[in-house]
Amino acid sequence: MITEEDSIICPDCGHEQQITICPSVNVTTDPELREKVLSGEIFLFTCDECGCTGFAGHPFVYEDKETAGGFLIYLEPDCPDRVVGIDGDIADQVIYREKPMRLVADLNALKEKIFIFEADLDDRVMELFKMLTLTKLSSDNPDQVPDHLLFTKIQENEEGRQIVLAAFKENKYLGVLELPYSLYQTCVVTGGPIWDVPTVDCMAVDQEWIAERLKCCEEEEIEEEEKEEGCGESGHAEQ
Ligand SMILES: [Zn+2]
């Protein structure tokens, strides 16, 4: 486990102190760290002055080189960018040119990405799946609509294979949703052209990303239609 020194200000009493943080974990070499990341334990610190416990929000790299082909997630709290470069040895490794590298802003998002990639699912498809689920829910029951969904696991029961999502409204946990896995597969097919766009560097793939992709695809479709309609005259019009 790699560690670094960092100074932190207690959110309760304002006391500043030096703490030892863990800027990155590689669960392929240190598998016991996976649980410490998922529980949040790895980010905890205790204030020397008032004794309160809090989360140390520092940039953090989670690396898994084996599970489902390998993936890397970079957590940067309050990151203003949607795409970042990862410095150092990690970036030099050829493996991540073909594997997902993702940027997330908080611990819940980090955990969701871990669960998605470990289940061998595509997080881009999951964002479309969640978006369609939210749209469907709002038309069914507008009063009880979650505003945020997080993938938690895949389960098998008498109803078959299901995707389990945790539902939130204004950061309050509402409960779980169980949806047929077949709906996820439908998204793989219907989202077709979206998946052809390469994801480069370490980028944020979230609801904003899928909304942006859908908008681009729509615009491309309109352009295509306009081209077809204008066929025959366009040769002159463009000159
Ligand atoms: Zn304190």
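Below, each value reflects all heavy atoms present in this structure, side chains not excepted, and no hydrogens, waters or symmetry copies. Each ligand, and each atom within it, is numbered from 1 in the order the structure gives.
Enclosure of atom CG in Asp78 is not indicated, since only 12 or fewer non-hydrogen atoms of other residues, nucleotides or ligands lie within 6.0 angstrom.
A 4.5 Å side-chain heavy-atom check between Leu165 and Leu150 finds every atom pair outside the cut-off.
Side-chain rings of Phe60 and Phe43 approach one another, their centers coming within less than 6.0 Å.
Shown are the protein N/O/S atoms under 2.8 Å from the Zn ion (ligand 1), given by residue and atom: Cys10 SG, Cys13 SG, Cys47 SG, Cys50 SG.
Summarising the hydrophobic clusters (Ile, Leu, Val, Met, Phe, Trp, Tyr; side-chain heavy atoms under 4.5 Å, direct or chained), the residues clustered with Phe45 are Ile8, Ile19, Ile21.
Note: the hydrophobic cluster containing Val84 also contains Leu72 (ILVMFWY, side chain heavy atoms under 4.5 Å, direct or indirect links).
With 3.5 Å as the limit, one finds a donor-acceptor pair spanning the side chains of Asn157 and Gln162.
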